[in-house]
Protein chains: 2
Amino acid sequence: MTARKPRIGQSRATLSDVAAHVGVSAITISRALNKPDLVSEALRQRIDEAVRLLGYVPNRAARALASTKSNSIVVLVPSLSNAVFVDTLAAVHDKLYPAGYQMLIGDTRYSPEQEEKLLRTYLEYNPDGILLTGFDQTPAAQQLLAASNIPTVHMMELDEGGRPCVGFSQFDSGYALTSLLLAKGYRRIAFLAAQLDPRTLRRGDGYRAALQQAGLYDASRELTEPNPSSVGMGGGLLARLLAQAPDCDAVFCNNDDLAVGVLFEAQRRGIRVPQDLAIAGFNNLDMSAWSNPAITTVATPRYATGSEAADMLLALMAGRQPASLKVDLGFELLARDST
Amino acid sequence: MTARKPRIGQSRATLSDVAAHVGVSAITISRALNKPDLVSEALRQRIDEAVRLLGYVPNRAARALASTKSNSIVVLVPSLSNAVFVDTLAAVHDKLYPAGYQMLIGDTRYSPEQEEKLLRTYLEYNPDGILLTGFDQTPAAQQLLAASNIPTVHMMELDEGGRPCVGFSQFDSGYALTSLLLAKGYRRIAFLAAQLDPRTLRRGDGYRAALQQAGLYDASRELTEPNPSSVGMGGGLLARLLAQAPDCDAVFCNNDDLAVGVLFEAQRRGIRVPQDLAIAGFNNLDMSAWSNPAITTVATPRYATGSEAADMLLALMAGRQPASLKVDLGFELLARDST
DNA sequence: CTGTTAGCGCCTTCAT
DNA sequence: ATGAAGGCGCTAACAG
């Protein structure tokens, strides 16, 4: 036998349905669910049972409307096919979910315009907080953010202007990896990249600075592609590179998948790694540790970035002042057999 | 015209703020935004300007509450670190976004319990539709779904019971790949898998059926790990396999990353591929096409699955009967040099 | 084409 | 520890 709801249609049970069932007022049900200590033990149990019986599911829209808190936070990343951002998202989720927040995930596909569109849409959800990747928001997006007055933390890069951020210096990492190659004696070092996003550009700046400082910079050794990086593209980039600068003795790949692709292509061409050509990657993706030879790379703090950014956001949302508004998580050079 | 209450605080502009500014009623603004043809050209322009001027952003919670339509759909996938699901998500987005729907993405981490939790939470958003992976929902989750009465489409597998679904036969694909190996003359074929989800199990069933049929099945050649698959794990699995069944002449890896890991480990051990050991993978991930040798695999319809599933959901949500409630997208065997 | 009247389901503020 | 009244911002259903 089913309890008949005095409501038309078969829309789901509401707070007052549960209230009617238990014989108390709606607000008491609300309290039992949200602030259990304010309701007596006995009542609470009866309420819980009624909730189960009626299959009551709270209506988030109503709650958000009435409380002006949505309990959801927007997270915008440039790509979901890059393990870097997936790991970061996982960390954010691990931190925010226990705190009662729902993630609204947006994939900007490396486009500030798309990011702006997503932001506009997600702002309609009245998010309590926002997590963005980098600082290359469109002016309109920046305005939206400013006007919304919603706590926002930027991930993956460091800001000089005081905006809350968690990441590491992209420039320094590019500089450091290039310096490592220089220290190992390589002199004709190429730079291969896909997806010219701001972080890639900044790593490239680091690469260039290191080489110029050593008097070894040669623009013909820098090669990029507009598409998302992949193993296949790594091979293609090496082919292009060898055509225009056949004397390279090392390549700095902006992502490990490119590096693995370069390795595969080198093998196909009978180029020995690292004897004829050294290969370095970036991001320390799983596969680069296991190839033959294993690939030198830069371990970047992706999980930690998500975790720290979520912490900072939690603080900001609670109105607390975070310990620091600029958290530099650093990076680690992993020298392996490919260099 | 109704009275506009001057709002306190700096909460953002509402419909009636815009209405007051323009000198019309709130509903007219609402219409100008949602059903522009119902509003005169001239008024619409003035409204658009006021919207821009005040930085008006609609409140989704209020709209959802008033219209009992949330314009969002829930998509639950087992993992975001598997390219398969990321591609599927991309397809769903490409289809649903233009139709005005927002995706609420949930990562179940291959756990039905986690899936149930996510479902419970996301149901609070009153989604207009639901996209799930596979059919292994917990009983409670199934009840929730049934009670919610929300159109739902299952992805990646095929159902016999009439539930809407888009995918391919996991069993057949496992059977077909194993048959290919048998046809090539391999006799001692191993099966390596991570993440024993229902799809993996079903592929394993196909593998087993093919071998049993040929009188060649040997349980000691089946190896699994509970953790998510990765290149590194592929190497580990090969090591374990060779310890307990050193005479294998082929391995069927449940995912391409495992296959690449097996290849790397084989190289390290001086095992020639495919002469000493043939390697086959699954899912046709980018890298498997470029390794040396390239890896035989099964191309699965991940983008198409998302796309078709979204179409079917769109039809269901519109109250239309989809052409078919069970769409079999098939799969393709890609024989390459590793076998 | 535009306006009025309600009320979506819940929570806030005050009461008891 | 529990309840009553009111309203969050928007749109459905009817006017006109």
Side-chain angles (χ1 to χ4, degrees), chain A residues 5-47 51 54-71 100 123-126 128, chain B residues 1-47 51 54-71 100 123-126 128:
Chain A
K5 289 165 267 182
R7 303 156 70 254
I8 9 134
Q10 54 243 60
S11 43
R12 40 189 224 203
T14 70
L15 222 39
S16 26
D17 292 331
V18 181
H21 190 92
V22 178
V24 295
S25 76
I27 184 63
T28 302
I29 310 293
S30 168
R31 283 201 271 254
L33 263 28
N34 300 313
K35 299 162 183 172
D37 349 300
L38 294 185
V39 174
S40 72
E41 172 69 25
L43 225 194
R44 214 165 48 208
Q45 288 195 354
R46 285 171 53 215
I47 289 177
V51 162
L54 300 181
Y56 170 72
V57 177
N59 182 324
R60 205 128 170 149
R63 174 180 304 180
L65 193 54
S67 68
T68 62
K69 277 238 343 157
S70 66
N71 276 98
L123 241 22
E124 300 182 358
Y125 285 90
N126 253 315
D128 298 327
Chain B
M1 204 177 3
T2 12
R4 65 204 143 246
K5 52 264 141 102
R7 292 163 315 99
I8 27 233
Q10 58 256 55
S11 46
R12 46 187 217 202
T14 71
L15 221 39
S16 29
D17 291 331
V18 181
H21 191 92
V22 178
V24 296
S25 77
I27 186 67
T28 301
I29 311 293
S30 169
R31 283 201 272 255
L33 262 28
N34 300 313
K35 301 161 182 174
D37 350 301
L38 295 184
V39 174
S40 71
E41 172 69 26
L43 225 194
R44 213 165 49 208
Q45 290 195 353
R46 284 171 52 214
I47 290 177
V51 163
L54 299 180
Y56 171 71
V57 177
N59 182 324
R60 205 131 172 146
R63 173 181 304 179
L65 193 55
S67 68
T68 63
K69 278 240 338 158
S70 66
N71 277 95
L123 242 24
E124 301 182 359
Y125 284 92
N126 254 312
D128 299 325

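Values in this document were obtained by computation on a predicted structure and should not be read as measured data. So that the names make sense, note that chain A is the first sequence line, chain B the second, and so on, each numbered from 1.
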Quick one: list whatever passes side-chain contact (heavy atoms from CB on, under 4.5 Å) with [X], sequence neighbours left out.
| X | answer |
| --- | --- |
| B:Leu43 | B:Val22, B:Val24, B:Thr28, B:Val39, B:Ser40, B:Arg46, B:Ile47 |
| A:Ala62 | A:Asn59, B:Leu65 |
| A:Asp128 | A:Lys69, A:Ser70, A:Asn71, A:Tyr101, A:Met317 |

**Fill in**
Here the pair of heavy atoms bringing A:Thr14 nearest to A:Tyr56 is C-CE1, 3.6 Å
**Side-chain heavy-atom pair B:Leu54, B:Arg12 within 4.5 angstrom cut-off** = no
Round to a whole Å and report the spacing from [atom1] of [X] to [atom2] of [N].
| X | N | atom1 | atom2 | answer |
| --- | --- | --- | --- | --- |
| B:Tyr125 | C:dG9 | OH | P | 18 Å |
| B:Asp17 | D:dG9 | CG | P | 8 Å |
| B:Lys69 | D:dC10 | NZ | P | 18 Å |
| A:Asp37 | D:dT2 | CG | P | 12 Å |
| B:Leu65 | D:dA12 | CG | C1' | 13 Å |
| B:Glu124 | C:dC8 | CD | P | 20 Å |
| A:Leu123 | D:dG9 | CG | P | 15 Å |

**Request:** May I ask you to list the residues of residues 38-46 of chain A, by number, that have any heavy atom positioned under 4.0 Å from an atom of DNA chain C?
**Result:** none
**Message:** Using a heavy-atom cut-off of 4.0 Å across all strands, would you classify B:Asn126 as base, sugar-phosphate, or nothing?
**Reply:** nothing
**Sequence neighbours excluded - salt bridge (charged side-chain N to carboxylate O under 4.0 Å, His left out) pairs with any residue from residues 36-45 of chain B** = B:Glu41-B:Arg44
**Asked** Are B:Thr28 and C:dT2 close enough that a side-chain N or O sits under 4.0 Å from OP1 or OP2?
**Response** no
**nucleotides 10-16 of chain C: protein proximity per nucleotide (B base, S sugar-phosphate only, - neither; heavy atom, under 4.0 Å)** = BSB----
